[in-house]
Amino acid sequence: MAAADYRGRFAPSPTGPLHFGSLVAAFGSWLMARRADGEWWVRIEDLDPPREVPGAADAQLRTLAGFGLVSDAPAVRQSERHARYRAALDRLLANGRAFPCHCSRSDLAAAKGIHRTCRDHRSRTEAAVRLRVEDGSVVTFVDALHGRVTQDVAADVGDVVLLRADGFWAYQLAVVVDDAEQGITHVVRGADLLDSTPRQILLQRALALPTPAYMHLPLIVDPHGAKLSKSMAALPVDGDDPLPALRLAWRALGQDRDRLGPGGVERTLSRAVREFDPSLIPRKPIGFAALHNGSTIRDA
Ligand code: GLU
């Protein structure tokens with residue numbers, strides 16, 4: 001596939017209808033791509049069947065379309081890409097960067113779940129496969145919103161699960177393989193994934209893959225400061241009545257509500273691309289209530 005100067009993406013997991021927090025990530029990643037005159041691709045991250053809701057992926061795509069947010073390439077589904085994850089895992093196993101692990105959750109409980117050495121050498125049938133993270137694996141990257149971010153992956157995360165003991169691919173492996181294979185140059189997503197980025201960068205290095213640019217958008221939180229639960233029934237956004245949620249998402253991105261002007265979705269989106277100012281995006285989590293009652297959401 002042809003390389004792009006800017007290719008962004010939105011990668012929802014089909015665990016339910018598209019909710020407001022996801023809309024902010026979708027709109028923010030779309031705006032960043034469009035203002036750079038770049039491409040925007042949607043990828044369905046359906047690798048965790050126990051958490052998935054039948055029909056949710058199609059419903060999410062329909063809702064996005066109602067918001068005028070349509071992938072520039074046919075939406076790819078991770079469930080159709082097992083062979084690619086297998087090939088990446090085999091490379092890591094062959095060069096000794098990955099190893100099978102039989103440790104159970106309780107084996108790692110004393111270490112707060114952080115795996116540094118295997119504690120259970122009994123061969124169980126269900127083995128996970130982990131990336132070996134050498135001591136001192138400190139990763140630093142520059143996030144477009146948060147600046148320099150540093151994490152000691154060995155100490156804070158430990159050896160990263162790539163294939164789960166239940167046989168499902170871990171998100172960390174799939175996202176790294178797909179971002180590289182799809183030629184994604186810019187990852188714009190929710191700040192809940194900020195602390196996954198260093199381990200994804202380690203994995204990119206282990207697989208000799210390029211590292212995209214990263215921007216982690218503010219989370220939308222409830223009055224107690226907790227991430228809005230994807231299951232909160234009140235929050236799915238309505239693709240048949242997109243303008244109120246689109247305007248709210250615009251405000252969640254720190255933008256001035258008056259700059260969008262009147263009009264339907266198409267006009268609102270093209271206006272949004274012209275008026276969008278990434279330097280206004282807040283770094284702190286945003287209270288959903290504050291967005292509604294009109295108080296300021298800037299953290300500067
Ligand atoms: N599929 C992830 C989610 O819905 C997002 C992954 C990503 O953007 O890297 O939370």
Side-chain angles (χ1 to χ4, degrees), residues 7-33 39-53 56-61 63-64 69 71 73 75-81 84-85 88 139 141 143-146 149 151 157 160-162 164 168-204 207 209-221 226-232 235-237 249 253 285:
R7 181 174 295 146
R9 53 44 158 208
F10 173 57
S13 303
T15 51
L18 199 77
H19 60 108
F20 184 69
S22 300
L23 176 68
V24 172
F27 192 29
S29 60
W30 183 90
L31 282 166
M32 288 298 290
E39 297 173 18
W40 184 76
W41 290 18
V42 176
R43 179 173 74 227
I44 300 292
E45 302 213 319
D46 53 350
L47 283 182
D48 197 355
R51 290 184 56 231
E52 283 156 24
V53 173
D58 289 333
Q60 289 177 337
L61 290 170
T63 303
L64 286 170
L69 305 176
S71 182
V76 151
R77 288 172 196 248
Q78 289 189 321
S79 56
E80 292 163 5
R81 297 161 70 81
R84 291 177 162 89
Y85 312 134
V139 173
F141 71 99
D143 181 271
L145 201 55
H146 300 271
V149 177
Q151 187 183 58
V157 180
V160 179
V161 174
L162 304 174
R164 290 161 30 179
F168 295 121
W169 296 109
Y171 154 71
Q172 309 290 351
L173 176 70
V175 75
V176 161
V177 168
D178 286 340
D179 282 340
E181 206 258 346
Q182 296 192 296
I184 301 299
T185 60
H186 291 72
V187 171
V188 178
R189 60 187 176 190
D192 52 329
L193 293 165
L194 189 59
D195 79 342
S196 281
T197 301
R199 76 194 85 159
Q200 291 174 17
I201 292 174
L202 262 192
L203 198 43
Q204 288 154 4
L207 287 163
L209 299 173
T211 292
Y214 287 98
M215 177 190 255
H216 290 84
L217 298 172
L219 290 188
I220 313 299
V221 294
K227 184 179 169 184
L228 286 183
S229 158
K230 294 185 185 189
S231 58
M232 278 176 79
L235 288 172
V237 290
L253 293 166

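Order of appearance sets the numbers: ligands from 1, and atoms from 1 within every ligand. Everything quoted here is computed from the prediction, not taken from an experiment.
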Could you list which atoms of ligand 1 come closer than 4.0 Å to a heavy atom of R9?
-> 7 (C), 8 (O), 9 (O)
Using a strict cut-off of 4.0 Å, indicate which atoms of ligand 1 neighbour a heavy atom of E45.
-> 1 (N), 2 (C), 5 (C), 6 (C)
Sub-4.0 Å atoms of ligand 1 with respect to non-hydrogen atoms of R189 | 7 (C), 8 (O), 9 (O)
List every atom of ligand 1 that sits less than 4.0 Å from any heavy atom of L193, numbering the atoms from 1 in the order shown and giving each element.
-> 5 (C), 6 (C), 7 (C), 8 (O), 9 (O)
State the atoms of ligand 1, each with its element, that fall below the 4.0 Å cut-off from a heavy-atom position in V175.
-> 9 (O)
For A11, atoms of ligand 1 separated by under 4.0 Å from a heavy atom = 1 (N), 2 (C), 3 (C), 4 (O), 5 (C), 6 (C)
Element-labelled atoms of ligand 1 that are located less than 4.0 Å from some non-hydrogen atom of Y171 | 6 (C), 7 (C), 9 (O)
Is it true that the side chains of Q182 and R9 contain a donor and an acceptor less than 3.5 Å apart?
-> no
Are any of the side-chain nitrogens in R164 or D48 under 4.0 Å away from the carboxylate oxygens of its partner?
-> yes
Evaluate the side-chain proximity of L203 to L162: yes if any heavy-atom separation is below 4.5 Å, no if none is.
-> yes
Closest non-hydrogen atom pair between V157 and V160, with its separation = CG1-CG2, 4.3 Å
Proximal ligand 1 atoms for S13, defined as those under 4.0 Å from one of its heavy atoms = 1 (N), 2 (C), 3 (C), 4 (O)
Would you please name every residue forming a ring pair (Phe, Tyr, Trp, His ring centres under 6.0 Å) with Y171, sequence neighbours left out?
-> none
Hey, are D143 and R189 close enough for a salt bridge, meaning a charged N less than 4.0 Å from a carboxylate O?
-> no
